[in-house]
**Q** 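Sharing a structure below in structure tokens format, with a few things to ask.
We name chains A, B, ... by the order of the sequence lines, and we start the count at 1 in each one.
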Number of protein chains: 2
Amino acid sequence: MFSVPARTQYAIRAMVHLARLPDRSATAAEIAAAEGIPVKYLEGIMTRLKLCGLVESERGKNGGYSLRADPGELSMLSIVEAMDGSVKPVSCVEGASVCAQGGGCLPRKFWLGLKDAIDLYLKDKTLRDVTEA
Amino acid sequence: MFSVPARTQYAIRAMVHLARLPDRSATAAEIAAAEGIPVKYLEGIMTRLKLCGLVESERGKNGGYSLRADPGELSMLSIVEAMDGSVKPVSCVEGASVCAQGGGCLPRKFWLGLKDAIDLYLKDKTLRDVTEA
DNA sequence: ATATATTCCTAGTAACCCGATAGGAATATA
DNA sequence: TATATTCCTATCGGGTTACTAGGAATATAT
């Protein structure tokens, strides 16, 4: 239950990898080799991380990816959300109007509480915390 | 992210439904009608809840399902685990030996912490809490 | 200039899980 | 005996996931 897709795990491993490098930058090929991730698959992941502003990229020779923020300022939630969107145990977290039961569903608060618990944990942890674990 | 399968939401709605009834028992057809759940699909869910000891069943006419424990003594974690197994964000929660990185993976503790946070929330909430929300 | 290294873009694919349906067998009651 | 119910097995379409393939765009080095 609540298993995290491989791409998200890959994304986090990639971010940790970058954070541990002196200049916090590397090519997709380097990261892939070091972390045992399929290169082509990782490319797509890095592109996504870039679109979400977590890394920046340079194309062409001597190009690569580099962290855009200090690891201590980067919450794990931001990485998770970049890959998978917001934490949403049930679709009605966004408003009772989405509820097929017309808001007459008792468990909703329970799910909202779960979302809060998860969000809290993820928001509190930074990339630095994970890197230095 | 972390979306809960419909069957688990159905299971919880069914359990809440039972908990609110005077004698805490009903047929699958009744629950399905009240909660807007496909009957045949719910049947399989109820069977599973029974196998995990959360409800008991009687076959034949006047049969149905009934709660086996007091709602106040039944953690939401037990329902979730009945449907989806233990909370396992990553496969290596069961031991570093499962890790493809040979335990050299920094994020592991991070994921274990997430599991703990989720487990804690789910263990603390009882069916009664949700029913009375 | 040209070769090379890199990101970026688009498509495709095999496998899996999920929600749901179908049909009926077993079983208990009225 | 008729009926209501749980229980069992099989199937199916659709979506997602992880991954692969092929190349276009772009920047650097020589």
**Q** When you measure from the side-chain N and O atoms of B:T47 to the phosphate of D:dC8, is any distance below 4.0 Å, counting only OP1 and OP2?
**A** no
**Q** What is the distance, rounded to the nearest whole Å, between atom CG of B:L42 and atom C1' of C:dA20?
**A** 12 Å
**Q** Provide the closest heavy-atom pair for B:L127 versus B:A19 in the form atom of the first, atom of the second, distance.
**A** CD2-CB, 4.0 Å
**Q** The side chain of A:R7 lies closest to which of these nucleotides: D:dA18, C:dA28, D:dT28?
**A** D:dA18
**Q** Heavy atoms only: give me the nearest A:V130-B:P107 pair and the separation to one decimal.
**A** CG1-CA, 3.8 Å
**Q** Need the pair for D:dA29. Rule: Watson-Crick or G-U wobble, both distances under 3.5 Å, any strand; none if unpaired.
**A** C:dT2
**Q** Just N and O in the side chain of B:N62: are any of them under 4.0 Å from OP1 or OP2 of D:dT5?
**A** no
**Q** Under 4.0 angstrom, heavy atoms only, what part of the nucleic acid is A:E43 near: base, sugar-phosphate, or nothing?
**A** base
**Q** Salt bridge or not between A:K123 and A:D119? Use side-chain N to carboxylate O under 4.0 Å.
**A** no
**Q** How close or far is atom C1' of D:dC7 from atom CZ of B:R48, stated in whole angstroms?
**A** 15 Å
**Q** Which atom pair, heavy atoms only, marks the closest approach of A:Q9 to B:P89?
**A** NE2-O, 4.2 Å
**Q** If I take atom CG in residue A:D84 and atom C1' in nucleotide D:dT16, what distance separates them, rounded to the nearest angstrom?
**A** 12 Å
**Q** Locate the shortest heavy-atom distance separating A:R7 from A:D84; write the atom from each residue and the value.
**A** NH2-OD1, 2.9 Å
**Q** State whether B:S57 places a side-chain N or O below 4.0 Å from either non-bridging phosphate oxygen (OP1 or OP2) of D:dT5.
**A** no
**Q** Starting at CD1 of B:I45 and ending at P of D:dC8, how long is that distance when rounded to a whole Å?
**A** 16 Å
**Q** OH of B:Y41 versus P of D:dT6: gap in Å, rounded?
**A** 18 Å
**Q** Could you check how far NZ of B:K40 sits from C1' of D:dT11, rounded to whole Å?
**A** 13 Å
**Q** May I ask which nucleotide in the shown strands pairs with C:dA14, Watson-Crick or G-U wobble, both distances under 3.5 Å?
**A** D:dT17
**Q** Can you pull out the residues from residues 26-37 of chain B that lie within a 4.0 Å heavy-atom distance of DNA chain D?
**A** B:T27, B:A28
**Q** When all nucleic acid strands are considered with a 4.0 Å heavy-atom cut-off, which category describes B:G64: base, sugar-phosphate, or nothing?
**A** sugar-phosphate
**Q** Taking all heavy atoms of B:S78 and all of B:L54, pick out the closest pair and write down the distance.
**A** O-CD1, 3.8 Å
**Q** Quick one: look up who D:dG22 pairs with, Watson-Crick or G-U, both distances under 3.5 Å, and put none if it's unpaired.
**A** C:dC9
**Q** So do A:L49 and A:M83 actually touch side chain to side chain, heavy atoms under 4.5 Å?
**A** yes
**Q** If I take atom CE in residue A:M46 and atom P in nucleotide D:dC19, what distance separates them, rounded to the nearest angstrom?
**A** 17 Å
**Q** As a test of reading the structure: which of D:dA27, C:dG19, D:dT6 is closest to the side chain of A:K61, going by heavy atoms?
**A** D:dA27
**Q** In terms of side-chain heavy atoms of B:Y10, which of C:dT7, C:dA20, C:dA28 is nearest?
**A** C:dA20
**Q** Tell me the interatomic distance from B:R59, atom CZ, to C:dA30, atom P, rounded to whole angstroms.
**A** 17 Å
**Q** I need the full list of salt bridge (Lys or Arg N to Asp or Glu O under 4.0 Å) pairs touching residues 22-40 of chain A, with sequence neighbours left out, sorted by first then second residue.
**A** A:R13-A:E35, A:R24-A:D70, A:K40-A:E43
